[in-house]
Amino acid sequence: MGRYLNARVRDIAPSGIRKFFDLVSGNKDIITLGVGEPDFSTPWHVREACVYSLERGQTRYTSNAGMPELREAIAEYLDRSFQIQYDPGKEMIVTVGGSEAIDLALRALVEPGDEILIPEPCYISYSPIVSIGGGVPIGIETFAKDGFKLTAESLQKAITPNSKVLILCYPSNPTGGIMTREDWLPIAKIIEENDLIVISDEIYAELTYDQKHVSIASLPGMKDRTILVSGFSKAFAMTGWRMGYVCAHEELTQAMLKIHQYTVMCAPVMGQVAALEALKHGLDEKDRMVESYNMRRRLVVKGFRDIGLDCHEPQGAFYAFPSIQSTGLTSEEFATRLLYEAKVAAVPGNVFGQGGEGFLRCSYATSVQQLTEAIERMGELVTKIRQER
């Protein structure tokens, strides 16, 4: 049946994360540090709001763009938290997770041959979605010595006459790297000089530790050329609800809305009700979860360093990205041995693109007990590998 398939889809490799974690499924002896998902349950009052909406029969379609009251709450939240102002009636769409928002943005922008610039290591979905649309993903390598930040020099070097879009993901999945206002200023200048559009994936915006997240859209001149993507999955522990949103200039929003209304119609109303409750009454719980991640962040960074693995200090998200280069193994080799010999699952860094080889993505969104045991097991494996050399 392969001859019937779209060649772009046929040639895309399966997710490196899913492929690896299919091996883990159902094995209770394995400690999993791989899935990018909070270990907290959605707060009870958020779940209760959803249940109550069902009891009242609130089960119909909403506006294609989402419930007006939810869009208004999102606009207020973005203004209050990150000093970005959007018109909830014209510049916002509630989406089925942040993933749909990224897909909408790329499908609205990418034409065959367009070059899409992507700092790497990065979230694994960007390049495949670009390729499906006929675009050309161009990786820009970032480095641990720079905190995995995008530099103006590396961005400028990657730009060609075919460059159209720059995809950003800060705080970063998988590295935990962030960008400050001072980091953004030279980047913004290059973006304007080269007339690029930005897709800024800010799903981890609330998860920063030593300083507050700065959106590139908040810089002078950047809001109208930025498509901001975010959602409720990470900060509000609502991954399974699939609630996201995308904000952009009205013309860009209307283009994305065309695709959205012909594909999914609208996000599920029950999830929208829950998201509204999370914004209205769930901010304290969000802050408590962030405090817990911060404590675990310090624990895992110290733990990796204590067992002899270099690890830059992540400033955002809930991932550590330790280097395993000192073991002499590739990321894939180390992750495989870690799984089968130490019963710890983590994601080999090479699946995240350029600069990921030699690293391992480890989520610390799990219990302290599990993290402590995982690091101990990893330390035993590192010692064993070094004795073999």
Run the salt-bridge test on [X] and [Y] with the 4.0 Å N-O cut-off and return the result as yes or no.
| X | Y | value |
| --- | --- | --- |
| K343 | D29 | no |
| D284 | R288 | no |
| R225 | D195 | yes |
| R297 | E313 | yes |
| E37 | K234 | no |

Return yes if a side-chain donor-acceptor contact under 3.5 Å exists between [X] and [Y], otherwise no.
| X | Y | value |
| --- | --- | --- |
| T62 | Q272 | yes |
| E206 | H213 | no |
| Y126 | D201 | yes |
| S215 | E202 | yes |
| Y86 | Y245 | no |
| E115 | T160 | yes |

Exercise for the section: Evaluate side-chain contact (heavy atoms from CB on, under 4.5 Å) for F321 paired with L360, printing each intermediate quantity in order. Expected result: CA-CA 5 Å; F321 205 57; L360 200 68; over 6 Å; no
Would you say the side-chain atoms of [X] pair up with the backbone N or O of [Y], donor to acceptor, closer than 3.5 Å?
| X | Y | result |
| --- | --- | --- |
| Q354 | G139 | yes |
| T151 | S154 | yes |
| R181 | V214 | no |
| Q211 | T208 | no |
| S331 | G358 | yes |
| D114 | E111 | yes |
| W184 | L219 | no |
| K149 | I178 | yes |
| H260 | N64 | yes |
| T327 | L329 | yes |

Is any side-chain heavy atom of [X] less than 4.5 Å from a side-chain heavy atom of [Y]?
| X | Y | value |
| --- | --- | --- |
| T263 | R107 | yes |
| T253 | M92 | no |
| V198 | I191 | yes |
| C122 | S172 | no |
| I167 | L117 | no |
| L309 | S326 | yes |
| P137 | S131 | yes |
| E100 | V264 | yes |

Exercise for the section: Not counting sequence neighbours, which residues clear side-chain contact (heavy atoms from CB on, under 4.5 Å) with T59? List them please. Expected result: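 With sequence neighbours excluded, T59 shows a side-chain contact (heavy atoms from CB on, under 4.5 Å) to L54, given in chain and number order.
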Handout entry: All side-chain contact (heavy atoms from CB on, under 4.5 Å) counterparts of Q156, not counting sequence neighbours
Key =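 With neighbours one apart ignored, the set is I159, I190, N194.
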hydrophobic_cluster_shared for [Y] and [X], side chain cutoff 4.5 Å:
| X | Y | result |
| --- | --- | --- |
| I203 | M238 | no |
| I31 | F40 | yes |
| M179 | I227 | no |

If you look at every heavy atom in [X] and [Y], which pair is closest and at what distance?
| X | Y | answer |
| --- | --- | --- |
| L283 | L279 | CG-O, 3.8 Å |
| G133 | V110 | O-CG1, 3.9 Å |
| S363 | L371 | O-CD2, 4.0 Å |
| P43 | E285 | CB-OE2, 3.6 Å |
| P314 | T175 | CB-O, 3.8 Å |
| S163 | A158 | OG-O, 4.0 Å |

Problem - Partner of D39 by side chain to side chain contact (heavy atoms under 4.5 Å, CB included), out of M289, Q370, R296 - result: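 Single side chain to side chain contact (heavy atoms under 4.5 Å, CB included) partner of D39 among M289, Q370, R296: R296.
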Problem - Sole candidate of E251, K258, E250 that passes side chain to side chain contact (heavy atoms under 4.5 Å, CB included) when paired with Q254 - result: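 Of the listed options, the one satisfying the test is E250.
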Problem - Option from Y170, Y123, Y319, Y209 for which ring pair (Phe, Tyr, Trp, His ring centres under 6.0 Å) with Y204 holds - result: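 Testing each of Y170, Y123, Y319, Y209 against Y204, the sole residue satisfying ring pair (Phe, Tyr, Trp, His ring centres under 6.0 Å) is Y319.
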Exercise for the section: With F148 as reference, evaluate F352, F359, F143 under the ring pair (Phe, Tyr, Trp, His ring centres under 6.0 Å) test and give the passing residue. Expected result: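 Only match with F148 under ring pair (Phe, Tyr, Trp, His ring centres under 6.0 Å): F359.
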Neighbour count above 12 (heavy atom, 6.0 Å) for [X] [atom1]:
| X | atom1 | value |
| --- | --- | --- |
| R56 | CZ | yes |
| E193 | CD | yes |
| K164 | NZ | yes |

About how many Å separate [atom2] of [Y] and [atom1] of [X], when rounded to the nearest 0.5 Å?
| X | Y | atom1 | atom2 | answer |
| --- | --- | --- | --- | --- |
| L166 | I118 | CG | CD1 | 9.0 Å |
| E91 | K223 | CD | NZ | 4.0 Å |
| E341 | I385 | CD | CD1 | 7.0 Å |
| L155 | I187 | CG | CD1 | 5.0 Å |
| D103 | I259 | CG | CD1 | 7.5 Å |
| L104 | L252 | CG | CG | 12.0 Å |

Practice task
Pick out which of E388, E380, E332 makes a salt bridge (charged side-chain N to carboxylate O under 4.0 Å, His left out) with R337.
Solution key: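 When E388, E380, E332 are each tested with R337, the salt bridge (charged side-chain N to carboxylate O under 4.0 Å, His left out) holds only for E388.
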Handout entry: Criterion side-chain contact (heavy atoms from CB on, under 4.5 Å) on R242 and S99, from CA distance to verdict
Key = CA-CA 9 Å; R242 310 311 303 132; S99 296; 3.7 Å; yes
Practice task
Describe, in one word, how the ring planes of F236 and F232 are oriented to each other, choosing from parallel (under 30°), tilted (30 to 60°) and perpendicular (over 60°).
Solution key: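 Judged by the thresholds at 30° and 60°, the geometry between F236 and F232 is tilted.
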